[in-house]
Amino acid sequence: MQFVDLKAQYNAYKEEIDQAMARVIGNTAFIKGPDVAALEEELAAFAGVKHALACSSGTDALLLPLMAWDVQPGDEILVPDFTFIATAEIPAFWKAKPVFVDIDPVTFNMDPADAETKITDKTVGIIPVSLYGQIADMKALQNLADNHGLWLMEDGAQSFGALHNGRRSGSFGQASTTSFFPAKPLGCYGDGGAVFTDDDNLAALMRRLLNHGQAKRYHHSEVGFNGRMDTLQCAITRVKLAHFEDELAARNKVAAAYTQRFQDLPKVSTPAVLAENTSSWAQYTLRIQGDGTSARRDKLREDLSAKGIPSAVHYPVPLHLQEAFRFLGVAEEACPHTRRACNEVISLPMHAFMTEAEIDQVADAVKDALK
Ligand SMILES: *Cc1c(COP(=O)(O)O)cnc(C)c1O
């Protein structure tokens with residue numbers, strides 16, 4: 001069994017994907033070809049924003065707004081303690097200071113109340129992550145940003161397609177980002193990502209920055225970098241985007257089937273999607289309550305693995321305890337909800353092509369292991 005079955009997805013769209021790739025290779029417009037602009041228009045329409053900029057990865061997407069806003073060394077940026085490292089790595093890479101905020105233990109997303117306690121006179125912005133596919137509490141976070149004169153940027157790497165009060169991921173904050181890493185809800189066949197914004201000037205500046213600060217060839221108005229998404233990846237993503245609504249519906253069905261099967265498990269929490277939200281189900285993640293260590297969760301992983309069922313832990317280590325961030329000197333006891341989640345979460349196979357039989361196989365194995 002596959003954790004994310006990219007082969008089944010390819011087989012389903014093979015003709016369209018092969019045609020799209022042949023079209024790009026045939027006209028050799030490998031960089032900035034027509035499929036780049038076409039994808040950008042389709043992404044913007046899907047997310048309900050004015051501008052989408054295709055870029056080289058979800059990580060580089062996070063960098064572009066920081067560059068455009070001229071974030072300075074030592075500026076503090078609030079990020080969740082419980083996320084993939086890129087959310088905090090890019091502020092640190094840009095010599096700003098990531099400040100780790102604890103999560104709401106129900107949604108696993110940034111807790112706005114804890115965020116408020118971490119604001120100082122050096123804070124410039126907030127980057128909430130829409131973890132596992134569910135958008136964070138954007139109303140509270142936008143209020144917090146407005147009250148303190150901060151920018152807000154959604155890291156929507158896991159949530160493209162999700163809704164929050166009827167609005168799509170990508171449409172929150174001054175800018176929002178996503179990733180097309182192959183295993184993300186909308187994935188390409190390599191690295192890719194996008195930045196979204198309604199701000200015309202910000203979009204124009206980021207468009208130059210991701211292309212060496214060029215407005216006109218070999219005329220450079222800013223110091224930028226190469227953050228472009230290549231045409232082949234854009235052409236592939238366009239094919240998958242055309243099927244994306246159907247895939248979201250299929251992922252929702254898988255999640256509902258899992259949750260129904262896990263109703264009566266002792267000391268196990270199924271994912272809570274709040275009434276104002278839909279999830280794009282980047283992950284289907286259970287919380288396996290333990291004894292304060294990861295032993296019960298780890299044993300479950302071993303039992304699943306013995307039956308050929310893959311699982312994953314997103315994420316085993318709070319960011320404030322990562323070696324890379326030791327230089328920040330954050331106290332070990334910080335962010336207790338994150339530390340607990342790291343010991344308790346397990347993500348199960350989740351993709352749009354899972355069969356009933358596979359769902360049953362996973363569910364039976366989980367139930368057996370936790371009996
Ligand atoms: C995947 C991911 C990223 C980085 O995306 P890449 O395309 O792999 O660079 C950033 N933030 C979060 C929360 C992610 O899950």
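As the structure is a prediction and not an experimental result, all values here were calculated from the model. Order of appearance sets the numbers: ligands from 1, and atoms from 1 within every ligand.
- Of the N or O atoms in Gln158, one or more lie within a sub-3.5 Å distance of an N or O in ligand 1.
- Counting atoms of ligand 1 from 1 in the listed order, those under 4.0 Å from a heavy atom of Ser57 are 7 (O), 9 (O).
- The two residues Met229 and Cys55 come nearest to each other via the heavy atoms CB-O, 3.3 Å.
- No side-chain heavy atom of Asn277 sits under 4.5 Å from any side-chain heavy atom of Thr107.
- Aromatic pair Phe172/His164: centroids less than 6.0 angstrom apart.
- Residue contacts with ligand 1, taken as heavy atom pairs separated by less than 4.0 Å, involve Thr59 via backbone and side-chain atoms alike.
- Summarising the contacts of atom 8 (O) of ligand 1 with Tyr315, Phe181, Phe180, the nearest heavy atom is found in Phe181.
- Distance from atom 12 (C) of ligand 1 to its nearest protein heavy atom, with residue and atom name: Ala157 CB, 3.4 Å.
- Short contacts between ligand 1 and Gly192, defined as distances under 4.0 Å to a heavy atom of the residue, involve ligand atoms 7 (O).
- Considering backbone and side-chain N/O of Thr83, none are found under 3.5 Å from N/O of ligand 1.
- From the protein, the heavy atom lying nearest to atom 11 (N) of ligand 1 is Asp155 OD2, 2.8 Å.
- Ring pair Tyr258/Tyr284 is tilted by interplanar angle, where 30° to 60° counts as tilted.
- Ring pair Phe353/Tyr13 is perpendicular by interplanar angle, where above 60° counts as perpendicular and below 30° as parallel.
- In the vicinity of Val129, heavy-atom distances shorter than 4.0 Å reach the ligand 1 atoms 13 (C).
- Residues satisfying the salt bridge (charged side-chain N to carboxylate O under 4.0 Å, His left out) criterion with Glu245, sequence neighbours excluded, are Arg168.
- Some N or O of Gly58 is nearer than 3.5 Å to an N or O of ligand 1, by distance alone.
- Aromatic pair Phe82/Phe100: ring centres not closer than 6.0 Å.
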Could you walk me through whether Thr87 and Asp155 satisfy the side-chain hydrogen bond (donor to acceptor under 3.5 Å, both in side chains) test, starting with their C-alpha distance in whole Å, then the side-chain angles of each, then the deciding distance to 0.1 Å, before giving a yes or no? CA-CA 7 Å; Thr87 318; Asp155 179 348; 2.9 Å; yes
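- In this structure, atom 14 (C) of ligand 1 lies nearest to the protein heavy atom Lys184 NZ, 3.0 Å.
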